[in-house]
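Here is how names work: the chains are called A, B, and so on, in the same order as the sequence lines, proteins then strands, and each is numbered from 1.
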Protein chains: 2
Amino acid sequence: MEIDTATVPKGRPREFCVDAALAAALRVFWSKGYEGASMADLTEAMGITKPSLYAAFGNKEALFNKALDLYEREKTDYMRAALDAPTARGVAERLMYGALDMYSCPENPNGCLGVINSVACGAEAECIREAVVARSATAKQAMLERFTRAKDEGDFPEDVDPAGIAAFLTAMNQGMAVQAGAGATRAELERLVETGLKLWPGR
Amino acid sequence: MEIDTATVPKGRPREFCVDAALAAALRVFWSKGYEGASMADLTEAMGITKPSLYAAFGNKEALFNKALDLYEREKTDYMRAALDAPTARGVAERLMYGALDMYSCPENPNGCLGVINSVACGAEAECIREAVVARSATAKQAMLERFTRAKDEGDFPEDVDPAGIAAFLTAMNQGMAVQAGAGATRAELERLVETGLKLWPGR
DNA sequence: TCACTTATATACCAGCCGTTATGGAAATCG
DNA sequence: CGATTTCCATAACGGCTGGTATATAAGTGA
C-alpha cells in the first residue's frame with residue numbers, strides 16, 4: 001500500500017474553493033470584528049451555505065482562527081521581515097512604512113484585525129480576545145529582543161530603553177490602525193509616520 | 001403663576017438615582033463596548049429593570065450617548081485642561097501622564113471608551129461609531145490648533161509639522177489605550193510615556 | 001447498476017437580542 | 001376620600017443569533 005498524498009476524495013466534491021472562502025471570511029472579520037460579523041454576513045460573503053461552512057471550518061471560532069492565521073501569513077509578514085533590517089532605524093522604517101502601506105491599501109478593510117479584536121467584547125468572545133492578545137504579545141516580544149540587540153550593537157544612545165522603544169513602536173502601529181479605522185487618509189498617516197521617524201533616536 | 005424650578009413631581013417617585021445608574025452603565029459600556037454590552041448586562045449593573053431604563057434614558061443608543069457625555073465630562077477633562085499648559089512640551093506631558101493615570105487607575109475599566117467603540121462594529125452600531133469618531137476628531141482638532149500656535153511661539157524646531165505632532169500624540173494615546181486594554185501594567189505604560197517624552201522635539 | 005461517501009439545500013432549533021404591553025403599587029392633587 | 005399621574009415588576013413580543021437535522025444531489029469504487 002503506497003502513500004497517496006494527493007488522492008482523489010471519495011464522495012461528492014465540494015463546489016467552492018476553501019482558500020477563497022477563507023479569504024472572504026477574513027475580510028468580513030476585518031471589517032466588522034468577531035462579534036460584529038454574523039454567520040449570515042459570513043456565508044453571504046463566502047458564497048456558501050451554513051452547513052458547508054460548518055463542514056469545512058468547524059464553527060465560527062475555528063473559522064476566525066483560520067482567518068487570523070491567513071492574516072498573519074499574508075498581511076503582517078512585513079513585521080517579521082522588518083526585524084531583519086541591519087539597524088534599529090531600518091527596523092522602524094520598515095515597520096512604519098509597512099504599516100502605512102497595509103493600512104492605506106484600498107483593497108484592504110480599514111484598520112487592523114488584531115487591534116479590532118483585542119480592545120473589548122462581550123463575554124462569549126473573551127477567548128477570541130485572549131488569542132489575539134497572545135499573538136500580538138509574541139510579536140512585541142520579538143521586537144523587544146531585536147531592539148535589545150540593537151542597543152548592544154550601539155544603535156541607540158545610552159539613555160534609550162529598549163522595552164520603551166518597543167512599546168513606542170507598537171503604540172505607533174496601534175495608533176495608525178485606530179486612525180485608519182476612523183477614516184484617516186493615506187496622507188494623514190504618512191505625516192504621522194514621518195513625524196515618528198523624525199523623532200526616532202540616533203541617526 | 002410663579003416659576004418653580006425645583007417642583008415636586010406629581011406621580012410616584014422613582015426609586016433609583018439616575019446619576020448612579022448612568023455611572024454604572026458607563027462602566028459596562030467601557031468594559032464591553034456598545035455591542036458587547038447587552039441590556040441584561042446593563043440593567044443588572046444599574047440595579048434597575050428594563051422598563052425603568054427605557055423610561056429614564058430612552059433606549060440603548062440614547063443611554064450610550066449619555067454615558068459618553070459623562071465619560072468626557074469626568075474622565076477625559078484632563079485633555080482639555082492639558083492644552084492650557086504654557087509650552088508644547090508641557091501639553092504633551094500633561095496629556096501623556098493624564099492618560100497614564102486614567103488607563104492605570106484600578107477603579108476604571110481597562111482601555112478607552114472612545115477607542116473601544118471606534119474601531120469596528122456590526123451594521124446596527126455604525127451610527128454609534130460615527131458619533132464617537134466625530135467627538136475624537138474635534139479633540140484632535142483642538143490639539144492641532146494648540147500645536148500650530150506652539151510652533152508660531154517657537155516651541156518647536158523648524159522641521160516639525162504641527163499636524164504630524166498632533167497625530168503623533170493622538171497615536172500615543174490610542175496605543176496606550178490598546179495596550180492597557182490588552183492588560184499592560186502601569187509600569188509598562190510608564191516606560192512608554194517616558195520614552196515618548198524623551199523623543200519629544202525641542203527642550 | 002448498485003452501494004457508499006460526501007456536499008448541498010431547506011428548514012428548523014433553542015436561546016438571546018432590544019423593546020414594549022399590561023397590571024398593580026405609590027405618590028400628589030382636589 | 002377618589003382621581004390622577006408616574007413608576008415598578010412580570011411577561012411577552014418579533015427578530016436575529018450560532019448551530020443542526022433531514023433529505024437530496026453528485027461524485028467514487030465494485
Side-chain angles (χ1 to χ4, degrees), chain A residues 1-2 4 6-22 24-25 28-29 32-67 117 121-129, chain B residues 1-2 4 6-22 24-25 28-29 32-67 117 121-129:
Chain A
M1 174 181 180
E2 52 189 304
D4 191 358
T7 183
V8 176
K10 280 205 255 185
R12 172 177 174 176
R14 64 164 47 99
E15 298 176 355
F16 64 93
C17 170
V18 174
D19 290 344
L22 184 59
V28 177
F29 284 128
K32 304 192 171 188
Y34 178 76
E35 290 195 289
S38 71
M39 295 302 294
D41 292 332
L42 290 164
T43 52
E44 184 186 353
M46 299 165 82
I48 62 178
T49 61
K50 280 198 276 185
S52 296
L53 189 156
Y54 277 82
F57 299 102
N59 61 8
K60 187 182 178 182
E61 181 176 345
L63 176 62
F64 178 86
N65 282 113
K66 283 168 183 157
N117 293 286
C121 58
E124 68 184 16
E126 197 62 37
C127 56
I128 292 289
R129 204 181 74 94
Chain B
M1 176 181 180
E2 52 188 301
D4 191 357
T7 182
V8 175
K10 280 204 254 185
R12 173 179 174 178
R14 63 163 48 100
E15 297 174 354
F16 64 94
C17 169
V18 173
D19 289 345
L22 184 59
V28 177
F29 284 129
K32 305 191 170 190
Y34 178 77
E35 291 196 288
S38 71
M39 296 302 293
D41 293 332
L42 291 164
T43 52
E44 184 186 353
M46 299 165 83
I48 62 178
T49 60
K50 284 195 270 187
S52 298
L53 190 156
Y54 277 83
F57 300 101
N59 60 8
K60 188 182 178 184
E61 181 175 346
L63 175 64
F64 179 86
N65 283 112
K66 281 166 184 157
N117 293 285
C121 59
E124 68 185 13
E126 198 62 36
C127 57
I128 293 289
R129 204 180 75 93

Asks: Of all nucleotides in DNA chain C that come within under 4.0 Å of a heavy atom of chain A, which is furthest toward the 5' end and which toward the 3' end?
Replies: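 That gives a stretch of C:dT5 to C:dT10.
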Asks: So what does the secondary structure string of DNA chain C come out as, 5' to 3', with Watson-Crick or wobble pairs under 3.5 angstrom, [ ] for crossing and | for pairs with another strand?
Replies: ||||||||||||||||||||||||||||||
Asks: Going by atom type alone, with no hydrogens or angles, which donor-acceptor pairs under 3.5 Å involve a side-chain atom of residues 41-51 of chain B and a protein atom two or more places apart or on another chain?
Replies:
unit_1 : atom_1 : unit_2 : atom_2 : d
B:D41  : OD2    : B:K32  : NZ     : 3.3
B:D41  : OD2    : B:S38  : N      : 3.1
B:D41  : OD2    : B:S38  : OG     : 3.1
B:T43  : OG1    : B:M39  : O      : 2.9
B:T43  : OG1    : B:A40  : O      : 3.2
B:T49  : OG1    : B:S52  : OG     : 3.3

Asks: May I have the distance from B:M39 (atom CE) to D:dC16 (atom C1'), rounded to whole angstrom?
Replies: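 In whole Å, D:dC16 C1' lies 16 Å from B:M39 CE.
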Asks: Does B:R12 have any side chain to side chain contact (heavy atoms under 4.5 Å, CB included) partners at least two apart in sequence or in another chain, and if so, which?
Replies: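 Residues passing side chain to side chain contact (heavy atoms under 4.5 Å, CB included) with B:R12: B:E15.
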Asks: Could you write out each protein N or O paired with an N or O of nucleotides 6-10 of chain D at a distance under 3.5 Å?
Replies:
unit_1 : atom_1 : unit_2 : atom_2 : d
D:dT6  : O2     : B:R12  : N      : 3.4
D:dC7  : O4'    : B:R12  : O      : 3.4
D:dC7  : O2     : B:R12  : NH1    : 3.2
D:dC8  : OP1    : B:E15  : N      : 2.7
D:dC8  : OP2    : B:S52  : OG     : 3.1

Asks: Could you tell me the separation between the OH atom of A:Y54 and the C1' atom of D:dT17, rounded to a whole number of Å?
Replies: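 After rounding, the reported distance stands at 9 Å.
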Asks: Between atom CG of B:N65 and atom CZ of B:F57, what is the distance when rounded to the nearest 0.5 Å?
Replies: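 With rounding to 0.5 Å, CG (B:N65) is 13.0 Å from CZ (B:F57).
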Asks: If the plane angle is over 60° it's perpendicular, under 30° parallel, otherwise tilted; pick one for A:F64 and A:F29.
Replies: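 Rings of A:F64 and A:F29: perpendicular, over 60°.
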Asks: Among residues two or more places apart or on two chains, list those pairs meeting salt bridge (Lys or Arg N to Asp or Glu O under 4.0 Å) that have a residue in residues 51-62 of chain A.
Replies: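 Non-adjacent pairs meeting salt bridge (Lys or Arg N to Asp or Glu O under 4.0 Å): zero.
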Asks: Please enumerate all residues that pass salt bridge (charged side-chain N to carboxylate O under 4.0 Å, His left out) together with B:E124, with sequence neighbours excluded.
Replies: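 Listed in chain order: nothing, the list is empty.
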Asks: Would you mind classifying the nucleic acid contact of B:A56 as base, sugar-phosphate or nothing, using non-hydrogen atoms under 4.0 angstrom?
Replies: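 Answer is nothing: B:A56 stays at 4.0 Å or more from every strand.
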